[in-house]
2 protein chains.
Amino acid sequence: MNIGEVAERSGIPPKTIRYYEDIGLVRPQRSGNGYRAFRETDLHKLAFLGRARALGFSIEDCRNLLSLYEDETRESAQVKAIAEEHLSAIDDKIAQLQEMRETLSHLVEACRGDHRPDCPILKDLSGDLKNIR
Amino acid sequence: MNIGEVAERSGIPPKTIRYYEDIGLVRPQRSGNGYRAFRETDLHKLAFLGRARALGFSIEDCRNLLSLYEDETRESAQVKAIAEEHLSAIDDKIAQLQEMRETLSHLVEACRGDHRPDCPILKDLSGDLKNIR
DNA sequence: TATAGGGCTTCCAGTCACTGGAAGCTCAAG
DNA sequence: CTTGAGCTTCCAGTGACTGGAAGCCCTATA
């Protein structure tokens with residue numbers, strides 16, 4: 001398979017696939033003309049990467065997950081540890097965003113949004129704490 | 001004020017303050033010895049930036065918010081528009097993270113996490129859909 | 001007065017995970 | 001034989017910093 005077909009079938013853009021090769025996540029062979037020649041296992045790996053990335057795993061996590069995937073002697077505890085750590089990072093991020101959301105939505109509600117310059121959002125950002133919060 | 005004191009009082013690291021000068025967010029004067037000389041208004045601006053960044057506004061948003069802040073003829077509608085757009089971006093991000101969280105937490109629960117290699121997380125990533133989901 | 005230290009300066013490089021673009025080779029169709 | 005799509009490599013840019021090196025400036029102490 002050439003890169004275009006693999007991109008199509010894995011849902012990962014060619015540029016990204018080349019990048020993944022650069023950083024050693026996949027190692028496709030080469031045809032005589034210099035084109036990358038992907039096997040089914042490469043496609044499989046890329047699809048794996050696509051799903052792991054969609055779950056928000058970092059590239060380094062993906063690298064580790066892939067190597068665990070290929071290691072018959074892995075312990076599922078190793079996989080679970082990576083996943084749990086990532087899960088808790090996600091939870092942290094959600095909490096942080098919800099805190100922003102909370103503050104910001106109050107400010108937005110308090111702002112009339114008309115032609116006048118008076119604005120509680122700017123007031124809050126400027127450090128004036130006499131605000132709806 | 002030198003950069004150290006401003007950093008202290010604004011809560012923004014010196015490196016970041018220099019970066020903000022680089023990209024034109026603040027324009028401190030200079031002392032005879034080449035040191036940056038910050039006025040109270042610079043400090044105020046940096047604190048404004050710190051709070052806006054803490055609410056997740058991009059640097060470009062911050063630039064616009066600052067210039068609205070300094071514009072006596074602004075309309076609060078302009079500020080509100082920026083804030084609302086940002087708020088909806090935050091909502092999108094939260095939704096996306098919660099979807100990840102949903103999938104991932106089911107997978108983590110389903111994984112025994114012991115010494116055996118069998119792992120529903122890897123199974124899911126490998127594209128096997130016969131899974132708890 | 002020499003020196004030690006801490007603070008300040010600039011500049012360059014690295015982060016993360018791509019993404020865009022340019023220049024040029026290969027291949028299949030007409 | 002040309003056209004156009006697909007492939008190659010390499011370089012640069014994204015966002016918002018952050019780390020580090022090399023070197024100047026200032027103050028305090030021995």
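All chains are named by letter (A, B, ...) in the order of the sequence lines, taking the proteins before the strands, and each is independently numbered beginning at 1.
In this structure the side chain of A/Leu122 reaches within 4.5 angstrom of the side chain of B/Phe48, judged on heavy atoms. The shortest distance between side-chain heavy atoms of A/Gln96 and A/Glu99 does not fall below 4.5 Å. Here the side chains of A/His44 and A/Tyr69 are in contact, with some heavy-atom distance below 4.5 Å.
In this structure, A/Phe38 atom CZ and D/dT8 atom C1' are separated by 12 Å, rounded to whole Å. Distance CD (A/Glu60) to P (C/dC18): 12 Å, rounded to an integer number of Å.
Between A/Asn33 and D/dC7 there is no side-chain polar atom (N or O) within less than 4.0 angstrom of OP1 or OP2. Remark: B/Thr16 is not in phosphate contact with D/dA16, judged by side-chain N or O atoms under 4.0 Å from OP1 or OP2. Neither OP1 nor OP2 of D/dC25 sits under 4.0 Å from any side-chain N or O of B/Arg36.
Nearest nucleotide to the side chain of A/Pro13, out of C/dT19, D/dC17, C/dC8: C/dT19.
A pairwise comparison of heavy atoms in A/Ser10 and A/Ala47 identifies CB-N, 4.4 Å as the closest pair.
Of the residues near DNA chain C, B/Asn2 and B/Lys15, the one whose nearest nucleotide (by heavy atom distance) lies more toward the 5' end is B/Asn2.
Near DNA chain D, defined here as any heavy-atom distance below 4.0 Å, there are no residues from residues 19-29 of chain A.
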